[in-house]
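Remarks on the structure that follows.
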Amino acid sequence: RPLRPGTFFCFRLAFTMPTSFGYRARTRSMFSRKFRQHGVANLSTHLTTFKVGDIVDVICDSSQQKGMPHKFYHGKTGYVWNVTPRAVGVEITKTVGNRVLRKRIHVRIEHVRKSKSRDGFLQRIAQNDLHKSLVKKGEAERKPLKRSPVGPKKGGIVVVKKAPIYYTPVKYELIA
């Protein structure tokens, strides 16, 4: 019979450690702080202003146990739908079976960061608008503004000074 991981032997009997299914089970690395980042949260986390409609990332800060979300929501992105003195309400989508639910949770400010997921999109919009205005003035040529996948690298010819050495396996011969 195969043994489960975490099984150890004592006096020729196999003992298995009991598995726990608690609220913070299997969060050893998830809720641990980064190297040399331990201690109380910075002041900037408390001075950040959140408004309704902001896109935020839920990232648990283990130095503050109050208002900590469930481990499922760690690393998820959602919208702020409510702001309270010490916390924000975040709406996150959760896939359950074949349906997508909108979950509304309240999380303390220490466990929330403003998301940078939209920054690249807004930067691209600004560049496209700038290019459109330059085309209208006649200072730039028209080009497609949609993103296109990067093609393969260009091929080339490799020039070898010495003749290549070929390594091949020795032919197998059956000796009777």
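These values consider heavy atoms only, across backbone and side chains, with no hydrogens, waters or symmetry-generated copies.
- Closest heavy-atom contact between E91 and W81: N-CD1, 3.5 Å.
- A continuous path of hydrophobic side-chain contacts links V52 to V107 [ILVMFWY only; heavy atoms under 4.5 Å].
- At most 12 heavy atoms of other shown residues, nucleotides or ligands fall within 6.0 angstrom of atom NZ in K132.
- Linking Ile, Leu, Val, Met, Phe, Trp and Tyr residues whenever their side-chain heavy atoms come within less than 4.5 Å places V56 and V83 in a single cluster.
- Between the side chain of S115 and the main chain of S117, a donor-acceptor pair closer than 3.5 Å is present.
- For the side chain to side chain donor-acceptor pair (under 3.5 Å) with S63, the lone residue among E110, H38, R33 that qualifies is R33.
- Interatomic distance, D54 CG to Y79 OH, rounded to the nearest 0.5 Å: 10.5 Å.
- Scanning all heavy atoms of the two residues, the minimum distance from N42 to H46 falls at O-CD2, 3.7 Å.
- The main-chain N or O of F50 is never found under 3.5 Å from a side-chain atom of K114 such that the two would form a donor-acceptor pair.
- A cation-pi geometry, defined here as NZ or CZ lying under 6.0 Å from the six-membered ring centre and within 45° of its normal, does not hold between K71 and F31.
- Here the straight-line distance linking atom NZ of K116 with atom CG of D57 works out to 9.5 Å at 0.5 Å rounding.
- With rounding to the nearest 0.5 angstrom, the OG1 atom of T27 is 9.5 Å from the NE2 atom of H70.
- V112 and F72 fall within the same hydrophobic cluster, defined by Ile, Leu, Val, Met, Phe, Trp and Tyr side-chain heavy atoms under 4.5 Å apart, directly or through other members.
- Atoms CD1 and CD, on I125 and Q123 in that order, are 11.0 Å from each other to the nearest 0.5 Å.
- When all heavy atoms are compared, the tightest approach of I109 to T45 is CG2-O, 3.1 Å.
- Under a cut-off of 6.0 angstrom, the local environment of CZ in R86 is sparse, with at most 12 non-hydrogen atoms contributed by other residues, nucleotides or ligands.
- A donor-acceptor pair under 3.5 Å is absent between the side-chain atoms of D129 and the main chain of A126, judged by distance alone.
- Side-chain contact between P69 and C60 is present, with heavy atoms from C-beta onward closer than 4.5 Å.
- The closest donor-acceptor contact from the side chain of H131 to the backbone of E141 lies under 3.5 Å.
- Checked by atom type and distance alone, the side chain of R108 never pairs as donor or acceptor with a backbone atom of V88 at under 3.5 Å.
- Remark: of the listed residues M30, H111, H74, K76, H74 is the sole one forming a side chain to side chain contact (heavy atoms under 4.5 Å, CB included) with I59.
- By the criterion of side-chain heavy atoms lying less than 4.5 angstrom apart, applied directly or through intervening Ile, Leu, Val, Met, Phe, Trp or Tyr residues, M68 is not grouped with I105; the two fall into different hydrophobic clusters.
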- [ ] Using the side chain to side chain contact (heavy atoms under 4.5 Å, CB included) rule, take I92 and V58 through it: C-alpha gap first, then chi angles, then the decisive distance, then the call.
- [x] CA-CA 9 Å; I92 299 172; V58 176; 3.8 Å; yes
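- The nearest pair of heavy atoms linking H106 to N82 is NE2-ND2, 3.0 Å.
- Residues R104 and V90 have side chains not in contact (no heavy-atom distance under 4.5 Å, counting atoms from C-beta outward).
- Enclosure of atom CZ in R26 by more than 12 non-hydrogen atoms of other residues, nucleotides or ligands within 6.0 angstrom is indicated.
- Taking the side chain as every heavy atom from C-beta outward, L101 and T93 never approach each other to under 4.5 Å.
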